[in-house]
Structures are given as C-alpha cells and as structure tokens.
Engineer: 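Sharing a structure, written as structure tokens. Questions coming.
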2 protein chains.
Amino acid sequence: MSEHVHSDEGDALLKDASLRITKPRQAIARVLVDAEDHPDAEQVWSRARENDPSVSQATAYRTLAVLAEKGLLRTHTFDGSATRYELAERPHHDHLIDVETGEVREFVSREIERLQARVAEEHGYEIIAHRLELYCRKAG
Amino acid sequence: MSEHVHSDEGDALLKDASLRITKPRQAIARVLVDAEDHPDAEQVWSRARENDPSVSQATAYRTLAVLAEKGLLRTHTFDGSATRYELAERPHHDHLIDVETGEVREFVSREIERLQARVAEEHGYEIIAHRLELYCRKAG
DNA sequence: ATAGTTGCAAACGTTTTGCAATGGG
DNA sequence: CCCATTGCAAAACGTTTGCAACTAT
C-alpha cells in the first residue's frame with residue numbers, strides 16, 4: 001500500500017524548517033528522505049527533477065542551504081570535493097571511507113566520543129559538533 | 001645572526017619534493033616553513049608576495065598542489081571553505097576549532113587513535129589517514 | 001640545450017545572487 | 001492580497017589549465 005503517499009516525511013521535513021510547502025521543495029525533500037547515500041547538491045537536484053522536472057538548480061541549492069542551516073540536514077565535505085548532505089534526524093555517526101572504491105560506511109564509537117569530550121574539556125571547551133573520518137583500505 | 005639565511009628549510013622542502021629551486025618557490029616554501037597557523041592558498045600566495053611580489057597565483061596553487069601530492073604538506077578543508085595547508089613533517093595531530101573565533105588548536109590522543117584503528121579493523125579495513133575535528137565553544 | 005617552470009588570462013566546477021514573474025497561506 | 005518562493009541567467013568563489021616566454025640545471 002501507499003505507492004506514493006503524499007510524501008508525508010518530506011512535508012514534515014519542510015514544516016520542521018518552517019518552509020512553505022511547494023512542489024519544488026517537496027520534490028527535493030522526498031529525495032533527501034529517500035536517500036540512502038550522501039548525495040551532493042547536483043545529485044539532489046538531478047533526483048528531484050525525476051519527481052518534478054521543473055525544479056531549478058537555484059532552488060535545490062537554496063533549499064539545501066536552509067535545511068542545513070536549520071539543523072535538519074548534516075553536511076560533509078570529504079576532502080575538497082562538493083558538499084554532501086544527509087538527514088540530521090538520523091542517529092549520529094562517523095564515516096569510514098574506502099579510498100579505493102569511494103564507499104562510505106557509518107560507525108559510532110561511544111568510547112571515542114567520550115574521549116573527544118574529555119579532550120575538549122582539557123582545553124576549556126565544550127563540543128558543539130565533531131567530524132571524524134577514517135580514510136581506509138581493505139586490510140590485506 | 002642569520003637575518004635571512006638562504007632559507008635553508010624552505011629549500012630543503014623543495015628538494016625533498018624534487019622540485020627545482022626557483023625564486024617563486026623559495027618565497028612560497030619559506031611561507032610554509034614559517035607559518036604557525038593553517039593558511040589557505042590565497043594566504044600563502046599573499047604572504048609569498050611579501051617575499052617576492054612577482055609570484056603568481058598559479059604558481060602558488062601549483063606549488064602547493066605538488067607539495068601536498070608528494071606528502072610534504074597536509075591539507076585540511078574545515079567545513080566547506082578553502083583548503084588550508086600545513087607542513088606534514090610536523091607531528092600528527094587533530095584539530096579543535098573554536099566556532100566563535102575561528103581559532104584552531106591542535107591536539108593528539110593516543111587513546112582515540114587506538115580506538116580508531118580498532119574500528120577500522122572491525123570493518124576489515126586498515127587506516128590510511130584520518131581526520132578528526134572538534135567544533136567547540138568555550139565552556140561556560 | 002632542454003626540460004621544467006613561469007605569469008597571464010581564460011576556463012573550470014561549485015555555489016550564490018539579482019531580478020521580475022509566480023504562487024502559497 | 002502580500003510576501004515567500006521561483007526560474008533564469010549572470011556573477012562569485014576557489015581552483016585548474018593552455019600557452020608562449022623564460023630559466024635552472
């Protein structure tokens with residue numbers, strides 16, 4: 001059931017950001033909700049156009065920017081390439097990047113997080129956010 | 001003594017990269033050796049021009065690219081902004097970024113490193129490189 | 001001599017923005 | 001109705017590159 005429900009989750013995302021519900025934004029929001037990878041703006045735009053071919057690049061970038069700014073999306077910039085996006089509502093995790101294939105795996109380590117907090121504390125800081133990326137190769 | 005020695009360290013850096021010693025590259029290399037922060041390409045270029053005003057932007061970018069590629073420089077891309085550089089010969093460390101002032105502090109945690117290696121291992125990988133950034137605010 | 005290096009300016013890929021037209025609340 | 005939002009095209013940004021002149025080796 002529910003082939004294409006009224007894209008509830010996507011609309012919820014937009015509402016959470018206090019954005020007006022418009023067709024272009026719905027197309028974009030659905031892409032983000034459905035995404036199982038970490039698409040960049042161009043990919044989000046391209047996928048959104050499959051839902052609504054009239055969506056412009058500008059709207060894709062603008063919507064991503066607002067959602068990220070309001071904390072509903074998380075952004076990543078692996079190395080120096082295009083910014084990639086993912087839903088922030090997903091549980092926090094860090095990334096393990098296979099440098100040969102580009103595959104991205106997610107992981108969490110409570111122990112590492114705890115040590116990070118301690119490091120910040122030792123410097124007189126508290127952590128707002130962090131980013132941990134392991135660039136790896138399959139163990140031989 | 002040694003007001004402006006023949007920029008030994010800078011030349012050494014270039015030699016290590018098997019680059020010909022030229023005036024523009026010497027100007028750039030000295031900037032990198034002297035840098036106590038994490039300058040981006042534009043900053044390196046601008047500082048290099050203080051030594052030799054004729055250094056072009058292209059040469060700055062080209063030299064940084066080669067040095068980074070040959071492993072003599074490490075690169076960072078905090079958030080989505082311009083790539084920043086630092087000497088790789090310096091002991092490895094991670095970064096704590098003050099989100100209010102932009103100040104960057106360095107730290108190392110052997111414990112965190114060990115846990116990272118373990119995470120990679122659990123996934124069947126070995127770490128080539130990693131990046132850990134703590135975005136922090138001064139503790140209230 | 002000659003291959004590596006340079007500055008210039010144009011091109012690049014990604015992202016942002018001014019604008020007049022459109023459309024949601 | 002009115003202001004947020006849109007698409008378009010131009011611009012901005014950081015970075016790369018083709019080329020003819022130059023220079024370290």
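Values below: every heavy atom of this structure, side chains too, minus hydrogens, waters and symmetry copies. By convention in this document, chain letters (A, B, ...) are assigned in the order of the sequence lines, proteins followed by strands, and residues within each chain are numbered from 1.
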Engineer: Identify whether B:Ile112 and B:Leu115 are in the same connected component of the hydrophobic contact network (ILVMFWY, side-chain heavy atoms under 4.5 Å).
Structural biologist: yes
Engineer: Hey, does the side chain of B:Thr83 come within less than 4.0 Å of D:dG14's phosphate (OP1/OP2), counting only N and O?
Structural biologist: no
Engineer: Specify the angle, to 10°, made by the local axes at the two ends of the helix from C:dA1-D:dT25 to C:dG25-D:dC1 when five pairs are taken at each end.
Structural biologist: 30°
Engineer: Under the rule for ring pair (Phe, Tyr, Trp, His ring centres under 6.0 Å), what residues qualify as partners of A:His93, not counting sequence neighbours?
Structural biologist: A:His95
Engineer: Return the residues of residues 34-52 of chain B meeting this criterion: a heavy atom under 4.0 Å from some atom of DNA chain C. Order them by number, or give none.
Structural biologist: none
Engineer: Between atom OH in A:Tyr61 and atom P in D:dC13, what is the gap in whole Å?
Structural biologist: 16 Å
Engineer: May I have the distance from B:Leu14 (atom CG) to D:dT23 (atom P), rounded to whole angstrom?
Structural biologist: 18 Å
Engineer: Under the side-chain hydrogen bond (donor to acceptor under 3.5 Å, both in side chains) definition, can you give me all pairs with a residue in residues 48-60 of chain B, not counting sequence neighbours?
Structural biologist: B:Asp52-B:Ser54, B:Ser56-B:Thr59
Engineer: Restricting to pairs with a member in residues 115-125 of chain B, which pass salt bridge (Lys or Arg N to Asp or Glu O under 4.0 Å), not counting sequence neighbours?
Structural biologist: A:Glu111-B:Arg118
Engineer: What is the distance, rounded to the nearest whole Å, between atom CG of B:Leu67 and atom P of C:dT5?
Structural biologist: 11 Å
Engineer: Which comes earlier along DNA chain D counting from the 5' end, the contact point of B:Ala82 or that of A:Ser56, where each point is its nearest nucleotide?
Structural biologist: A:Ser56
Engineer: Looking only at the side chain of A:Pro24 (C-beta and beyond, no hydrogens), which of the listed nucleotides D:dT15, C:dG4, D:dG7 gets closest?
Structural biologist: D:dG7
Engineer: Could you state the CG-P distance from A:Leu64 to D:dT6, rounded to the nearest angstrom?
Structural biologist: 12 Å
Engineer: Check the phosphate of D:dT6 against A:Thr22, side-chain N and O only, distance under 4.0 Å to OP1 or OP2. Yes or no?
Structural biologist: yes
Engineer: Between A:Gln57 (CD) and D:dA11 (P), how many Å, whole number?
Structural biologist: 16 Å
Engineer: Looking at every non-hydrogen atom in both residues, tell me the closest pair between A:Ala120 and B:Cys136 and how far apart they are.
Structural biologist: CB-SG, 4.0 Å
Engineer: Can you tell me if A:Arg84 uses its side chain to pair, donor with acceptor, with the backbone of A:Phe78 under 3.5 Å?
Structural biologist: no
Engineer: Does A:Asp94 have any salt bridge (charged side-chain N to carboxylate O under 4.0 Å, His left out) partners at least two apart in sequence or in another chain, and if so, which?
Structural biologist: none
Engineer: Would you tabulate the pairs of protein nitrogen or oxygen atoms and nucleotide nitrogen or oxygen atoms of nucleotides 19-23 of chain C closer than 3.5 angstrom?
Structural biologist:
unit_1	atom_1	unit_2	atom_2	d
C:dG23	N2	A:Arg20	NH1	3.4

Engineer: Measure from CD on B:Glu69 to P on D:dT15 and round the result to the nearest Å.
Structural biologist: 16 Å
Engineer: Only counting residues at least two apart or in another chain, list the ones meeting side-chain contact (heavy atoms from CB on, under 4.5 Å) with A:Lys70.
Structural biologist: A:Ala17, A:Ser18, A:Val66, A:Leu72
Engineer: Just to verify, what does B:Arg131 make a salt bridge (charged side-chain N to carboxylate O under 4.0 Å, His left out) with, not counting sequence neighbours?
Structural biologist: A:Asp79, A:Glu133
Engineer: With sequence neighbours excluded, what pairs up with A:Asp98 under the salt bridge (charged side-chain N to carboxylate O under 4.0 Å, His left out) test?
Structural biologist: A:Lys138
Engineer: Does anything in residues 100-119 of chain B form a ring-ring contact (aromatic ring centres under 6.0 Å, His included)? List the pairs, not counting sequence neighbours.
Structural biologist: none
Engineer: When all nucleic acid strands are considered with a 4.0 Å heavy-atom cut-off, which category describes B:Ser81: base, sugar-phosphate, or nothing?
Structural biologist: nothing
Engineer: Does D:dG7 have OP1 or OP2 sitting under 4.0 Å from an N or O in the side chain of A:Thr59?
Structural biologist: yes
Engineer: Write down the distance between CG (B:Leu19) and P (C:dG4), rounded to a whole number of angstrom.
Structural biologist: 12 Å
Engineer: I need the CD1-P distance between B:Ile21 and D:dT23, as an integer number of Å.
Structural biologist: 17 Å
Engineer: A:Glu86: what forms a salt bridge (charged side-chain N to carboxylate O under 4.0 Å, His left out) with it, not counting sequence neighbours?
Structural biologist: A:Arg74, A:Arg90
